[in-house]
Amino acid sequence: MRVSIDTKAKVKIGNLSRGGKARTLKAKAADDHDTHWDAVLVPFGILNTHSSKLSIYLGQSAETSDFIVDCLTAWWHENQHEYLELDEWVIDLDGGAATRSDRTQFIKRMVELSQAINLKIRLIYYPPYHSKYNLIERCWAALENYWNGAILDSVETVAHWASNMTWKAIAPIVHLVETTYEKGIKVLSQDLEQY
């Protein structure tokens with residue numbers, strides 16, 4: 001099984017103008033300066049490259065290694081029944097801040113996930129400046145085109161728009177992640193040796 005993963009640019013929640021065009025009879029009024037917003041969402045996507053099924057996790061905290069691995073773990077538990085004869089899970093990703101190969105917390109958590117689900121996990125990193133070839137990037141472009149011009153004034157509005165877009169005629173499964181993630185967690189080198 002092969003999946004493509006990535007986080008999208010953070011989405012500011014509020015009565016903010018995002019540009020684009022809304023297809024309504026009367027234009028919606030939005031704030032012309034984004035000096036204040038109510039919340040920020042971190043969209044994380046997992047795209048099954050064989051079936052084109054897309055899952056979007058909307059984090060309400062920070063983009064951290066723990067957030068990403070928790071989303072991958074949740075995705076696996078939700079979909080493992082479809083992959084009973086699997087011996088390897090291949091993950092395409094770029095070297096983002098939370099998923100770089102030198103992020104000790106990310107590697108530690110991925111090893112723990114591999115051991116917990118008893119499955120070999122292979123991480124396939126795109127070279128620097130080549131993340132545009134990661135298939136999930138096309139899903140983010142489709143989402144941006146879909147909600148182009150919409151005012152994303154609440155978490156529910158973002159989730160609604162995201163769940164109604166389609167990727168290859170399939171609507172994504174959208175999850176809200178309410179866990180608060182602490183930034184800056186590192187694993188000491190002597191602790192990493194046990195993995």
Side-chain angles (χ1 to χ4, degrees), residues 3-14 16 18 34-47 54-79 89-137 139-140 143-144 152-159 162 172-195:
V3 298
S4 170
I5 68 168
D6 197 20
T7 53
K8 181 190 174 312
K10 294 176 179 71
V11 178
K12 295 176 183 173
I13 305 298
L16 309 173
R18 301 178 60 251
D34 61 350
T35 57
H36 173 73
W37 48 87
D38 301 324
V40 176
L41 290 180
V42 179
F44 174 71
I46 303 173
L47 174 66
L54 174 64
S55 295
I56 298 174
Y57 294 82
L58 299 172
Q60 300 179 58
S61 181
E63 177 188 350
T64 67
S65 299
D66 290 323
F67 165 65
I68 289 172
V69 177
D70 285 353
C71 292
L72 284 166
T73 303
W75 184 90
W76 173 254
H77 290 307
E78 187 176 290
N79 293 282
W89 184 6
V90 178
I91 301 175
D92 295 337
L93 67 163
D94 58 31
T99 59
R100 291 190 323 255
S101 61
D102 65 345
R103 292 294 294 218
T104 54
Q105 180 66 7
F106 178 67
I107 298 302
K108 171 186 171 257
R109 290 288 314 275
M110 289 303 294
V111 169
E112 289 172 348
L113 174 60
S114 174
Q115 292 170 345
I117 65 176
N118 197 26
L119 190 63
K120 183 168 39 169
I121 298 176
R122 183 184 311 221
L123 302 175
I124 308 294
Y125 283 93
Y126 285 90
Y129 309 106
H130 287 76
S131 61
K132 64 184 176 184
Y133 297 109
N134 194 352
L135 291 177
I136 190 76
E137 295 290 348
C139 298
W140 295 139
L143 178 59
E144 279 297 327
L152 304 176
D153 57 359
S154 70
V155 172
E156 293 75 22
T157 301
V158 173
I173 299 169
V174 178
H175 304 273
L176 292 176
V177 179
E178 296 182 3
T179 305
T180 301
Y181 291 95
E182 184 180 333
K183 291 182 175 182
I185 295 177
K186 295 180 182 177
V187 180
L188 301 175
S189 57
Q190 62 264 27
D191 295 334
L192 196 58
E193 288 175 8
Q194 67 181 332
Y195 294 99

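Heads up: numbering here begins at 1 and tracks the sequence.
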Checklist entry - Got a sec, which residues hit side chain to side chain contact (heavy atoms under 4.5 Å, CB included) with Gln60, two or more places apart in sequence or on another chain? => result Leu41, Val155, Leu176, Glu178

Item to check | side-chain contact (heavy atoms from CB on, under 4.5 Å) assessment of Asp70 paired with Tyr57 | outcome: CA-CA 10 Å; Asp70 285 353; Tyr57 294 82; over 6 Å; no

Checklist entry - Which heavy atom of Pro172 sits nearest a heavy atom of Ala162, and at what distance? => result CG-O, 3.1 Å

Item to check | Any residue meeting side chain to side chain donor-acceptor pair (under 3.5 Å) with Asp102, in chain and number order, not counting sequence neighbours | outcome: Arg100

Item to check | All side chain to side chain contact (heavy atoms under 4.5 Å, CB included) counterparts of Asp66, not counting sequence neighbours | outcome: Thr64, Gln105, Arg109, Tyr181, Ile185

Checklist outcome for this item: Sorted by chain and residue number, the side chain to side chain donor-acceptor pair (under 3.5 Å) partners of Thr157 (sequence neighbours excluded) come out as Asp153, Ser154

Item to check | Pairs involving residues 124-136, ordered by first then second residue, that meet side chain to side chain donor-acceptor pair (under 3.5 Å) (sequence neighbours left out) | outcome: Ser4-Asn134

Checklist outcome for this item: Taken in chain and number order and not counting sequence neighbours, the residues that satisfy salt bridge (charged side-chain N to carboxylate O under 4.0 Å, His left out) with Asp94 are none

Checklist outcome for this item: Residues passing the ring pair (Phe, Tyr, Trp, His ring centres under 6.0 Å) test with Trp89, sequence neighbours excluded, are Trp75, Trp76

Item to check | Donor-acceptor contact present, side-chain Thr7 to main-chain Pro43, <3.5 Å | outcome: no

Checklist entry - Short question: side chain of Thr73, backbone of Val69 - any donor-acceptor pair under 3.5 Å? => result yes

Next on the checklist: So, using ring pair (Phe, Tyr, Trp, His ring centres under 6.0 Å) as the criterion, who are the partners of Phe44 when residues are at least two apart?
Outcome noted: none

